[in-house]
Amino acid sequence: MDMEKVTGACKQGDDMLVGKNTNLYRVQYRGSTPLFKIYKVPCKIGPVNFWTMKELPDGRVMFMGSDFNFYMASGDTVESVGDNIFPFVKGGVAARMKYAVAGMNYANSQYWCSFTLASGGTTNDRSVVMDWSSPYQDKWGNRQYPWFIYSIGAFGFAEINLSGQTGLYHGGY
């Protein structure tokens, strides 16, 4: 639909969200001609890469945006959910954000994302973890989520699927 390259994609319910640096598109299967309906989701941000887009059990989609903030898509509404962690993540190595990776710990309602913080590093050395089950309102009335910072990188956790259930194994703490 435009010349921008695709930076991410994720299932959302029966649809597919396709991300580009500055926007998202929804692809809906119609079952009749035309088989697919594609339209632009009203937002001005897209995912930094494929590996940070994850669907939550309730159908919302989490992703690290190309501006290094975190976003949650619920239907066609996209909201920032990483404002309180943004200054820390923005301090990471911009050239390596395209290598960020995320995983889900469904048992603890956690979204994990690992990225490179140390300048000159070639591996992901920091992880941030969001608890999506405990939103709260900040003093300005904005919805926020609790975030935690760990000094482990992508080598410290792995998303695995055993017998049809996906979980997150994390070592180091």
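No side-chain heavy atom of Lys44 sits under 4.5 Å from any side-chain heavy atom of Asn23. For the pair Lys54/Tyr111, a side-chain contact is recorded, criterion being any heavy-atom separation below 4.5 Å from C-beta on. The side-chain heavy atoms of Arg26 and Ile38, taken from C-beta on, include no pair separated by under 4.5 Å. Phe115 has its side chain within reach of Val128: a pair of non-hydrogen atoms, C-beta onward, lies under 4.5 Å apart. Taking 4.5 Å as the limit, every side-chain heavy atom of Met72 sits out of range of all side-chain heavy atoms of Thr77.
Separating the OH atom in Tyr106 from the CG atom in Leu56 is a distance of 7.5 Å, to the nearest 0.5 Å. Here the straight-line distance linking atom CD1 of Ile85 with atom CE of Met130 works out to 11.5 Å at 0.5 Å rounding. Interatomic distance, OG of Ser74 versus CD of Gln12, reported as 7.0 Å (0.5 Å rounding). Annotation: the span from Ser133 atom OG to Gln110 atom CD amounts to 8.5 Å, rounded to 0.5 Å. Atoms SG and OH, from Cys43 and Tyr25 in turn, are 10.0 Å apart once rounded to the nearest 0.5 Å. Interatomic distance, CE of Met64 versus OG1 of Thr52, reported as 6.5 Å (0.5 Å rounding).
Nearest heavy-atom pair, Pro47 versus Gly19, reported as atom, atom and distance to 0.1 Å: CD-CA, 3.5 Å. When all heavy atoms of Asn69 and Ser80 are compared, the pair lying nearest together is ND2-OG, 3.1 Å.
Residue-environment remark: CG (Asp14) stays at or below the threshold of 12 foreign heavy atoms within 6.0 Å.
Residue pairs satisfying the salt bridge (Lys or Arg N to Asp or Glu O under 4.0 Å) criterion with at least one member in residues 77-98, sequence neighbours excluded, are listed as follows: Glu79-Arg143.
A donor atom on one side chain and an acceptor atom on the other are not found under 3.5 Å apart for Ser109 and Asp131. Side-chain contact annotation: Thr116 with Asn124, donor-acceptor N/O pair under 3.5 Å present.
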Dump the intermediate steps for side chain to side chain contact (heavy atoms under 4.5 Å, CB included) on Thr7 and Phe50, then the final yes or no.
CA-CA 6 Å; Thr7 58; Phe50 282 88; 5.8 Å; no

For side chain to side chain contact (heavy atoms under 4.5 Å, CB included), just list the numbers for Arg126 and Tyr150, CA-CA rounded to whole Å, side-chain angles, deciding distance to a tenth of an Å, and then say yes or no.
CA-CA 6 Å; Arg126 286 295 187 271; Tyr150 292 101; over 6 Å; no

Before you tell me yes or no, could you show the steps for Tyr145 and Ser134 under side chain to side chain contact (heavy atoms under 4.5 Å, CB included), namely the whole-Å CA-CA distance, both residues' side-chain angles and the distance that decides it to 0.1 Å?
CA-CA 6 Å; Tyr145 291 84; Ser134 303; over 6 Å; no

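Aromatic ring centroids of Trp147 and Phe88 lie 6.0 Å or more apart. Between Tyr29 and Phe36, the distance from one ring center to the other falls under 6.0 angstrom. Between Tyr99 and Trp51, the distance separating the two ring centers is not shorter than 6.0 angstrom.
Linking Ile, Leu, Val, Met, Phe, Trp and Tyr whenever their side-chain heavy atoms come within less than 4.5 Å leaves Tyr136 and Val81 in two separate clusters.
Listed by chain and number, the hydrophobic cluster partners of Val41 are Leu17, Leu24, Ile45, Met53, Val61, Phe63, Tyr71, Val78, where partners are ILVMFWY side chains within reach of under 4.5 Å, directly or through others.
Within the 3.5 Å criterion, the main-chain N or O of Val6 finds no donor-acceptor partner in the side chain of Lys20.
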